[in-house]
Number of protein chains: 2
Amino acid sequence: MNAQQAELLDKLRRITSADTVRPFGNFVLTEAVDLAPFCTDWRGRYTGQPLCVVLPSDTEAVAAVVSACAAAGVPMVPQGGNTGLCGGATPIGGEVLISLRRLNRIRYVDADNNAITVEAGCTLQVVQEAATSVDRLFPLSLAAEGSATIGGNLSTNAGGVQVLRYGNARDLALGLEVVLADGSIWHGLRALRKDNTGYDLKHLFIGAEGTLGLITAATLKLFPQPRETVTAWVVVTDPLAAVRLLGNLRAVAGDNVTAFELIDRASLALVLQHMEKARAPLQAKHDWYVLIELSGAQYQLHDILEQTLQEGVGSGQVIDAVIAKSEVQRLELWALRENISEAQKLEGISIKHDIGLPVSRIDEFIQRAGTALKAISPDVRIVCFGHVGDGNLHYNLSKVNALSNEDFIAQTPVINRIVYDLVCELGGSISAEHGLGQLKRNEVLQYKSMTEMNLMRSVKAALDPQGLMNPGKLL
Amino acid sequence: MNAQQAELLDKLRRITSADTVRPFGNFVLTEAVDLAPFCTDWRGRYTGQPLCVVLPSDTEAVAAVVSACAAAGVPMVPQGGNTGLCGGATPIGGEVLISLRRLNRIRYVDADNNAITVEAGCTLQVVQEAATSVDRLFPLSLAAEGSATIGGNLSTNAGGVQVLRYGNARDLALGLEVVLADGSIWHGLRALRKDNTGYDLKHLFIGAEGTLGLITAATLKLFPQPRETVTAWVVVTDPLAAVRLLGNLRAVAGDNVTAFELIDRASLALVLQHMEKARAPLQAKHDWYVLIELSGAQYQLHDILEQTLQEGVGSGQVIDAVIAKSEVQRLELWALRENISEAQKLEGISIKHDIGLPVSRIDEFIQRAGTALKAISPDVRIVCFGHVGDGNLHYNLSKVNALSNEDFIAQTPVINRIVYDLVCELGGSISAEHGLGQLKRNEVLQYKSMTEMNLMRSVKAALDPQGLMNPGKLL
């Protein structure tokens with residue numbers, strides 16, 4: 001450590017020692033054992049040693065920390081719950097890692113105005129519960145919600161299982177409070193549905209993965225709690241039938257269709273194999289399943305779903321179906337979907353793709369990608385599942401038993417080329433939900449125009465001229 | 001005209017003479033009689049003389065025009081249907097006015113993927129009709145839709161009457177094609193619901209009123225056509241009762257509540273006075289009305305609305321109501337709302353405010369603003385109506401008969417100060433829908449932080465370093 005770094009650490013200690021909540025806490029961590037949990041991502045793929053980890057308690061402290069780092073020319077890495085999947089919140093080396101987790105207050109709940117203002121370090125689950133406590137719904141929902149923080153959800157524009165109806169994190173934000181690269185604070189918290197007084201600046205920071213500024217608080221939309229929910233596990237003939245079934249459902253149930261998740265044979269098999277309590281909803285084994293959920297304020301959702309499934313049987317799209325009869329059964333069905341990632345992790349190493357496609361091209365992608373991959377690796381193990389209503393597939397390959405871990409992972413560039421080139425040809429995106437982080441920031445250059453990259457770079461240069469905000473990520 | 005301007009005009013003529021659609025047309029207008037329709041805004045408040053009006057036929061021609069103007073250092077004003085309400089599309093003097101109206105092709109409709117790609121010069125009505133032709137809904141809907149173009153709707157983030165359910169123009173865009181300040185083209189047209197591969201650049205251009213780039217095409221979301229619609233004209237006791245009624249409706253009907261428009265006594269009176277075919281839906285005269293519309297795929301909307309209105313009577317919120325029995329009657333009720341602006345124009349001069357408020361503060365605003373304005377002008381004529389579900393009020397003052405036009409308009413700064421200060425105090429916006437244009441770009445400085453203005457200016461400087469994109473507007 002050099003003198004400048006030591007001076008910065010002193011300054012950070014002075015900033016956090018003014019902490020009135022816990023005035024004698026140590027909020028500037030430097031010991032290896034204390035740093036360890038912050039240094040590695042959830043998947044264990046990325047690790048780095050920061051200069052320190054600092055845990056400010058409020059927005060003013062965050063601003064002071066950023067000012068200090070900016071003055072010292074030291075890069076920063078913001079981190080929330082550290083549940084990201086692309087290494088976007090993992091230090092590379094020598095940064096000041098700014099943990100937002102102590103900014104965990106619910107600042108304001110306005111049920112009448114359907115808005116809630118929360119600090120960035122609140123977990124998603126805490127935000128959901130605050131909404132429920134005033135008979136409202138905050139609909140962002142994903143597997144990591146017990147640990148993921150809302151600041152991270154916004155910085156990565158998280159998706160989840162209810163995007164079909166309620167949209168991404170971006171669609172759920174009304175306003176933000178952001179600490180900018182120079183340490184100034186943009187007070188953009190507003191609870192207005194309509195505000196056309198200049199550029200909509202919040203959209204710069206949402207999905208920017210911390211590279212333009214640090215989100216410290218957000219005002220979010222709330223929704224009415226659904227009065228009725230009906231959930232079904234459906235066997236379809238193929239992905240095309242799934243897309244058609246979705247269209248039929250939406251034609252009769254409109255925006256009451258809340259979730260529509262595709263699950264392939266391999267995904268279900270992994271869950272049944274690795275998760276103790278999991279039971280198959282139906283006897284026979286099939287190739288393609290869909291988990292469907294309708295919700296809303298109406299009373300007829302059960303009948304509507306049942307009728308549409310019957311029609312699906314008649315037209316050859318649907319082979320079999322089970323409609324959940326209780327909340328317990330509903331949760332069991334959802335567990336089959338929600339545990340796929342964990343089951344795949346327990347199975348072993350995998351090559352993952354989080355792709356977006358126009359819904360009308362999903363079937364073509366699955367067919368052509370499968371054919372192309374089998375051509376280079378005949379016993380390839382494809383595990384395909386995802387939010388088919390949004391065109392978002394998690395298209396993963398589990399390690400073939402015959403290969404060693406290293407040999408399998410060595411195939412990644414070839415496999416990615418096949419998958420991503422096809423995605424691009426079909427008008428899709430190589431990262432639908434998870435963002436770019438470290439994982440895809442180079443890959444994306446193959447699929448973006450120079451004009452677009454230059455636009456992004458000029459925005460980055462305007463907001464972070466020193467290039468200290470989460471360098472090595474996204475761009 | 002100097003030599004450089006003459007040279008630019010020649011260049012523009014050469015660009016548009018390559019027009020293969022109409023190769024012998026004159027698409028560079030310089031004669032006063034030809035320029036006139038482009039020079040003045042719809043309200044007749046702003047007028048200016050451009051250097052010329054150029055009408056390119058496609059995106060490449062637009063890009064060539066912008067390149068030429070950028071090289072010559074000549075400012076540009078983009079214009080669509082010229083229906084804007086803040087002078088944002090009106091030349092100030094000496095600019096090249098680029099009319100987008102010839103970019104009027106529907107490029108692509110994908111009903112399965114619920115997406116449509118259209119050129120910026122298509123009127124909103126044409127886009128709506130293209131959606132209807134494939135049994136889909138494009139829900140953006142506003143009074144000027146027969147003339148307003150989609151490029152302008154996006155550039156101003158237009159709202160309208162269905163924002164409550166479907167969102168603003170911003171929420172309806174999936175991707176854009178934009179000609180940038182240097183004449184390069186950003187090809188950002190994509191039909192994906194989920195795409196996290198970098199900064200979401202489209203949000204820079206939406207609502208930017210042409211100051212960052214020219215939108216030439218857009219990919220927009222489509223929705224299922226509603227199967228059932230029920231519309232009611234309701235008498236409520238006061239604006240607070242209106243907000244409560246809205247809350248009750250949303251609790252039972254959720255996102256089937258599509259429109260919820262507040263109309264005061266004065267607004268209805270103006271429509272009945274000036275619009276020949278208008279008839280009052282109910283005998284007695286009241287102070288506050290709400291026009292409510294539910295729509296969706298369910299069958300019970302009529303019963304739900306009726307029941308909620310009955311409960312409103314029981315709780316003293318609702319005085320009387322009429323539910324439309326036919327499409328004809330539904331259109332008559334909507335005409336009462338849609339003709340308020342026109343009726344106010346026929347009545348004479350007015351001072352208008354398009355404000356946004358948290359829904360929970362609407363009642364307080366109306367009471368306090370009314371009191372404050374009556375204090376300075378006892379016979380003030382307030383005409384108040386708007387999209388109460390979004391917190392957006394059109395809060396206008398019609399000229400008091402005793403005053404001359406000049407004396408009335410001279411009161412504007414005092415009146416604006418009262419209205420806007422109160423709006424700001426209540427956490428609102430001084431321009432909910434209409435944007436800033438020329439009209440409010442100075443006013444807004446009173447209500448925005450220096451940090452926010454600097455952020456906007458740095459974005460502007462990054463994307464338009466020469467400052468040639470619609471100068472004098474928004475910023």
Side-chain angles (χ1 to χ4, degrees), chain A residues 110 112-113 156-157 159 163 168 171 184-187 190-201 203-204 207-208 224 247 250-255 296-298 300 356 358-360 390-392 427-436 444 449 451-452 455-456 458-459 461-463 474, chain B residues 110 112-113 156-157 159 163 168 171 184-187 190-201 203-204 207-208 224 247 250-255 296-298 300 356 358-360 390-392 427-436 444 449 451-452 455-456 458-459 461-463 474:
Chain A
D110 185 348
D112 281 344
N113 200 35
T156 56
N157 187 28
V163 171
N168 292 317
D171 304 308
S184 61
I185 303 170
W186 173 49
H187 293 283
R190 40 192 75 125
L192 303 174
R193 260 64 178 183
K194 292 170 96 166
D195 182 8
N196 280 342
T197 52
Y199 306 145
D200 197 339
L201 297 167
H203 286 301
L204 282 173
R250 290 179 99 171
V252 292
D255 37 20
Q298 304 305 327
Q300 294 182 327
V359 174
S360 47
D390 318 316
N392 180 197
S429 162
I430 71 167
S431 186
E433 282 197 304
H434 298 158
L436 298 178
V444 79
S449 70
T451 304
E452 185 151 341
L455 256 176
M456 291 204 270
S458 62
V459 170
L463 268 66
L474 193 144
Chain B
D110 186 347
D112 281 345
N113 200 37
T156 57
N157 186 27
V163 171
N168 293 314
D171 304 309
S184 61
I185 304 170
W186 172 50
H187 293 283
R190 40 191 77 124
L192 303 173
R193 260 64 177 182
K194 292 170 97 166
D195 183 8
N196 281 342
T197 51
Y199 306 144
D200 198 338
L201 297 168
H203 285 301
L204 282 174
R250 290 179 100 171
V252 293
D255 37 21
Q298 305 305 327
Q300 293 182 325
V359 173
S360 48
D390 319 314
N392 179 198
S429 162
I430 71 168
S431 186
E433 281 197 303
H434 297 159
L436 298 178
V444 79
S449 70
T451 304
E452 184 151 341
L455 257 176
M456 290 204 270
S458 62
V459 170
L463 268 66
L474 192 143

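The structure displayed is predicted, hence computed values, not measured ones. Convention: sequence-line order gives letters A, B, ...; per-chain numbering from 1.
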Next item on the list: Could you tell me which portion of L436(B) (side chain, backbone, both or neither) has an atom closer than 4.5 angstrom to a non-hydrogen atom of chain A?
Entry: both
Note to self: Which atoms of R250(B) are under 4.5 Å from chain A, going by heavy atoms: the side chain, the backbone, both sets, or neither?
What the structure shows: both
Check: If you count heavy-atom pairs under 4.5 Å between each of G247(A), G427(A), G198(A) and chain B, which one has the most?
Finding: G198(A)
Notebook entry, point to check: With chain B, which of V163(A), D200(A), L204(A), V459(A) has the greatest number of heavy-atom pairs at distances under 4.5 Å?
Noted result: D200(A)
Check: Can you list the residues that meet the side chain to side chain contact (heavy atoms under 4.5 Å, CB included) rule with S184(A), with sequence neighbours excluded?
Finding: L180(A), D182(A), T451(B)
Checklist line | L192(A), part contacting chain B, at a heavy-atom distance under 4.5 Å | finding: side chain
Notebook entry, point to check: Non-hydrogen atoms of chain A under 4.5 Å away: do they reach the side chain of N168(B), the backbone, both or neither?
Noted result: side chain
Margin query: Between N157(A) and N196(B) (side chain of the first, backbone of the second, donor and acceptor by atom type, cut-off under 3.5 Å), is there such a pair?
Written below: no
Margin query: I'd like to check the side chain to side chain contact (heavy atoms under 4.5 Å, CB included) partners of D110(A); sequence neighbours left out, ordered by chain and number.
Written below: Y108(A), D112(A), N113(A), S360(B)
Next item on the list: Give a yes or no answer on whether the side chain of D195(A) reaches the backbone of G356(B) with a donor-acceptor pair at less than 3.5 Å.
Entry: no
Note to self: Taking side chain as everything from C-beta outward and backbone as N, CA, C, O, which of these in L201(A) sits under 4.5 Å from a heavy atom of chain B? Side chain, backbone, both or neither.
What the structure shows: side chain
Item checked: For W186(B) against E452(A), the heavy-atom pair lying closest together -> NE1-OE1, 2.7 Å
Check: Between atom CZ of R193(A) and atom CG of N392(B), what is the distance when rounded to the nearest 0.5 Å?
Finding: 13.0 Å
Checklist line | Under 4.5 Å from any heavy atom of chain B - which part of L463(A) | finding: side chain
Item checked: chain B interface, residue from P358(A), A191(A), A462(A) that has the most non-hydrogen pairs under 4.5 Å -> P358(A)
Check: Based on non-hydrogen pairs under 4.5 Å, which of A432(B), G207(B), P224(B) is most in contact with chain A?
Finding: A432(B)
Item checked: NE2 on H434(B) to OG1 on T197(A), rounded to 0.5 Å -> 14.0 Å
